[in-house]
Structures are given as structure tokens and as C-alpha cells.
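All heavy atoms count here, side chains included; hydrogens, waters and symmetry mates do not.
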2 protein chains.
Amino acid sequence: MPRRRPIRHAMETLSPLVRDFVLHFGEMGSRWGINRTVGQIYALLFVSPRPLNADEIAEALAFSRSNVSMGLKELQSWRLTQPHHLPGDRREYFAAPEDVWAIFRTLAEERKKREVEPTLTMLRGALLQKPSGDAERHAQQRMREMHDLVELITLWFDDVGRLDPATLVPLMKMGSTVSKVLEVKQKITQLAGGRARTATAD
Amino acid sequence: MPRRRPIRHAMETLSPLVRDFVLHFGEMGSRWGINRTVGQIYALLFVSPRPLNADEIAEALAFSRSNVSMGLKELQSWRLTQPHHLPGDRREYFAAPEDVWAIFRTLAEERKKREVEPTLTMLRGALLQKPSGDAERHAQQRMREMHDLVELITLWFDDVGRLDPATLVPLMKMGSTVSKVLEVKQKITQLAGGRARTATAD
DNA sequence: CTGTCTTTTCAGGAATTACTGAAAATACAG
DNA sequence: CTGTATTTTCAGTAATTCCTGAAAAGACAG
């Protein structure tokens with residue numbers, strides 16, 4: 001996991017604070033199927049007070065210009081950054097969104113599109129096959145369980161993701177006490193003769 | 001991304017149904033920092049109607065015995081499977097937990113331990129430093145935003161994860177309508193003179 | 001157009017990660 | 001203990017992924 005490449009003159013201009021942050025996300029990126037370079041570039045953009053161009057990134061992280069180009073391309077494909085132009089400057093400048101919630105949401109959406117959807121499609125395909133024998137029947141049953149769980153979590157995530165942070169944050173801070181409130185709600189609904197019906201469960 | 005290794009005589013015994021499932025999770029694994037082998041082994045265990053020993057796995061997936069051994073070791077370190085003994089058989093047998101919720105929970109717990117906790121620790125360390133100049137002040141502000149978001153999501157996840165599926169599933173099926181119920185709750189709390197206070201939002 | 005600045009592509013080499021077979025370690029029956 | 005069955009380790013190699021410099025492509029002012 002440690003990279004022993006001779007550090008050329010890397011990150012000389014970065015303060016230790018930022019450098020550690022950048023290195024950490026480089027490492028994390030590599031555990032998430034995103035490569036180190038891409039993780040570091042995004043970390044740098046994330047903490048930068050202003051948009052950066054590719055040369056500035058290459059300089060700060062001691063990467064080749066072409067490596068930065070590829071990294072930025074990947075980040076754009078994840079919709080995590082997009083190029084901006086500054087008046088009177090031909091170069092493209094990149095920044096991370098201001099809103100951390102927006103970043104999180106985008107990340108979740110992209111992962112869903114790239115990983116969850118294909119998995120659900122595969123599982124649905126498998127469930128349509130006619131099982132031949134007990135082993136296949138069992139395998140399908142397991143796949144069904146997985147499918148249903150993944151689908152439930154995904155739908156719910158979509159749903160919750162549509163709330164704006166102002167609503168969502170208090171909700172999350174309540175944590176599991178939400179379920180207690182729901183018990184209360186049950187009773188009220190009964191008392192009110194079913195008038196307050198807000199959820200029908202699918 | 002596609003692996004062009006000449007397939008020796010791989011997965012001959014597996015039905016197409018299971019084979020596709022196994023291959024899919026091999027691919028997915030490699031996007032998640034888990035290697036292909038490990039993903040395939042777990043997929044196989046997941047759909048298997050009975051526990052399997054290492055030789056059976058090696059045979060079914062056409063991996064070397066030692067590769068299977070390493071894969072199983074990794075899966076055990078994730079607490080996703082553990083060895084069992086069958087009476088009168090010296091070999092160890094492995095299975096995935098019956099309950100898909102339990103698997104999901106374990107996965108979430110391990111990822112938290114391995115990725116989220118270290119990140120929070122790093123961020124807290126960074127936030128303790130005294131910023132020197134505007135750039136550092138801004139970087140710290142961004143790190144604080146990230147820290148608070150990650151912490152909020154994690155605490156909430158812990159909280160919700162403690163609910164049993166029987167409570168959680170209906171809650172998730174409600175999706176965002178939960179927030180509507182909470183508005184109702186607000187009013188009730190007021191009517192009841194603050195007695196029903198269940199959440200204090202830190 | 002032309003020339004310059006900028007970004008992208010890509011072949012090849014560097015670094016890392018994955019996998020294997022052989023040997024060592026472990027477990028356990030007798 | 002001894003011998004056998006089983007698992008683990010590990011050095012070497014195979015495969016993959018990453019990164020670079022050079023060249024091509026693109027953008028745009030004049």
C-alpha cells in the first residue's frame with residue numbers, strides 16, 4: 001500500500017495541513033476503485049479557495065500534465081467537477097462544488113448508476129430463468145433476497161436524497177427515535193379514523 | 001477492465017445462472033477495492049445451498065488452492081464468513097450468513113471501521129491545527145464541513161442500523177414521507193406541552 | 001489562414017497487485 | 001510421538017494498472 005516512488009519535489013508548495021488531507025484521500029481513493037491521482041486531485045480542488053487550472057494542479061501535486069488531464073477527465077465523468085473559464089484566460093479552471101451535500105449526492109447517484117443498476121439488472125435477469133434442480137432454486141432464492149434488499153435500500157435512498165438538507169439534517173439527528181415517533185403516529189392515525197394517512201408502504 | 005487470461009477450464013461445473021452471478025460480483029469487487037477472486041468466492045458462498053471447503057471453491061472457480069486460502073482469509077477479516085467443522089471431516093467449511101441484512105450490516109460496519117473512522121481522525125487532527133493565513137483558514141473550513149457531514153451520516157447510520165429489519169423495512173418503505181409525519185409530530189409535541197420530547201437534535 | 005497556447009491521446013515503461021506452486025506450518029488421529 | 005491431512009506462507013512470475021513524455025488535436029486571436 002505505501003508507494004515508494006522517489007518523491008521528486010512533491011507538494012513543496014502545499015502546507016502540511018493540506019498535504020496530509022490530499023495524501024489521505026489519495027489512499028482512500030485507492031480503496032474505492034478510484035485511483036490515487038484522482039483522489040488527490042479532488043482533495044486539492046475541494047480545499048482550494050479558488051478554481052485551479054491543470055498546470056497548477058500538476059505543479060502542486062508533482063504529477064505530469066497528462067496525468068492531471070486524465071484525472072480531471074475522470075472527475076468530470078463522475079460529475080464531481082466541471083471546467084470554467086476565467087475572462088481573458090484561455091485555460092480551463094476546475095473547482096469542487098461549494099455544497100458538501102451536493103458532492104455526496106452526486107457521488108451516490110453515480111455509484112448507483114455504475115454499480116447498483118447493473119447489479120439489479122443482472123439479478124432480474126437471473127430471476128427470470130427457470131431453475132433446473134434444487135441448487136438453482138436455492139441460488140435464485142438467495143438472489144431474490146439480495147435483489148429485494150438492494151432495491152429497497154436504493155429506492156429509499158432516492159427518496160431521502162430528494163429532501164433538502166434543512167429537512168434532512170434534523171431528521172438524521174433524530175436517528176432511530178424516528179421509529180418511536182412512528183409508533184405515536186400509528187395511534188394518532190387510529191384515533192383520527194385513518195384521516196392522517198401519509199404512507200402506504202409501496 | 002476485462003481480463004483476457006486464458007480460461008483454463010473454469011467453472012465448468014457451475015450452471016450459467018450461478019456463473020454469471022459469480023462473474024458479476026468478481027467485476028464489482030474489483031471496483032470496490034476488493035479483488036476479483038474475493039468477490040467471486042463470496043458470490044459462490046452466497047448462493048451455495050451448503051457450506052463449501054476450500055478445495056471445492058478452488059475447483060468450482062478454477063483458482064489455485066493458495067489463492068482460495070488467501071481469499072477466505074480476507075473474507076474472514078471482513079467478518080463475512082467463518083470456518084465451520086463438519087463431524088468426521090477435518091476440513092474447514094465456509095458459508096455466508098443466511099440473513100442478507102446481517103451481511104449488509106457487517107459490510108457497513110467494516111467499511112466504517114476501515115475508511116470512515118480513519119478519515120474522521122485525520123480531519124479532527126487537521127481541525128486542531130492553527131491556520132496560518134487565509135488559504136489554510138479556508139481549507140480548514142472545508143474540512144470542517146466534510147467532517148460534520150461524514151459524522152452526521154455515520155452516527156445516523158449507526159442509529160438506524162440498530163433497528164431490526166421488522167421495524168426498519170416499513171420505515172424505509174415510507175421513504176421521504178417520514179418527514180411529513182414529523183411535521184405532524186411537531187404539532188403534537190406543542191399541544192402536549194413538550195412532554196413527548198423524543199429527539200433533542202444535539 | 002497562421003501561429004500560439006492549451007488540452008488530449010497514446011505507446012511504452014514503471015509500479016503495483018494478483019496468482020501460483022512449493023515448502024513450511026498446523027492440526028489431529030492413532 | 002509419528003504420520004497424514006489440511007491450511008498457510010511466501011518468493012517468483014504473470015497480469016494489470018498507473019504514469020509519463022512526445023506527438024496530435026483543438027481552440028482561438030489576429
| said: One pair to check against side chain to side chain contact (heavy atoms under 4.5 Å, CB included): A:R19 and A:Q40. What are the steps and the verdict? | reply: CA-CA 9 Å; A:R19 191 199 51 212; A:Q40 292 191 8; over 6 Å; no

| Criterion salt bridge (Lys or Arg N to Asp or Glu O under 4.0 Å) on A:E110 and A:R114, from CA distance to verdict | CA-CA 6 Å; A:E110 283 294 324; A:R114 293 166 186 232; 3.0 Å; yes

| field | Test side chain to side chain contact (heavy atoms under 4.5 Å, CB included) applied to B:T37 and B:F63, step by step | value | CA-CA 8 Å; B:T37 311; B:F63 293 150; 3.4 Å; yes

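- A salt bridge links B:E109 with B:R79; the closest basic N to acidic carboxylate O contact falls under 4.0 Å.
- Going from atom CZ of A:F63 over to atom C1' of C:dA14 covers 15 Å, rounded to whole Å.
- The separation between A:I41 atom CD1 and C:dT7 atom C1' is 14 Å, rounded to whole Å.
- Between B:I34 atom CD1 and C:dT17 atom P the separation is 15 Å, expressed in whole Å.
- Comparing B:G33 and A:E92 against DNA chain C, the residue whose closest nucleotide sits nearer the 5' end is A:E92.
- Taking the charged nitrogens against the carboxylate oxygens, B:E151 and B:R144 have no contact shorter than 4.0 Å, which rules out a salt bridge.
- Taken residue by residue, residues 65-79 of chain B places heavy atoms nearer than 4.0 Å to DNA chain C at B:S66, B:N67, B:M70.
- In summary, B:R111 and B:E115 engage in a salt bridge, as defined by a charged side-chain N under 4.0 Å from a carboxylate O.
- Atom CZ of A:F157 has 12 or fewer heavy atoms from other residues, nucleotides or ligands within 6.0 Å.
- Using five terminal pairs a side, the axes of the helix from C:dC1-D:dG30 to C:dG30-D:dC1 at its two ends make an angle of 30°, given in steps of 10 degrees.
- A:F25 has its ring centre less than 6.0 Å from the ring centre of A:F21.
- For the pair B:L86 CG and D:dA5 C1', the computed distance is 16 Å after rounding to whole Å.
- The distance between atom CZ of A:R31 and atom P of C:dT16, rounded to the nearest whole Å, is 16 Å.
- Residues meeting the salt bridge (Lys or Arg N to Asp or Glu O under 4.0 Å) test with B:D89, sequence neighbours left out: B:R91.
- Look at CD1 on B:I57: it is 14 Å from P on C:dT20, rounded to the nearest Å.
- Summarising the geometry, the separation between OH on A:Y93 and C1' on C:dC5 is reported as 13 Å, rounded to the nearest angstrom.
- Partners of A:S48 under the side-chain hydrogen bond (donor to acceptor under 3.5 Å, both in side chains) rule, at least two apart in sequence or in another chain, do not exist in this structure.
- At C:dT16, none of the side-chain N or O atoms of A:N35 fall inside 4.0 Å of OP1 or OP2 (strictly under the cut-off).
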Could I get a table of every N or O pair under 3.5 Å where one atom is in the protein and the other is in nucleotides 23-30 of chain D?
none

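- Nucleotide C:dT6 holds its P atom 8 Å from the CG atom of A:N53, rounded to whole Å.
- With sequence neighbours excluded, no residue satisfies salt bridge (Lys or Arg N to Asp or Glu O under 4.0 Å) with B:R90.
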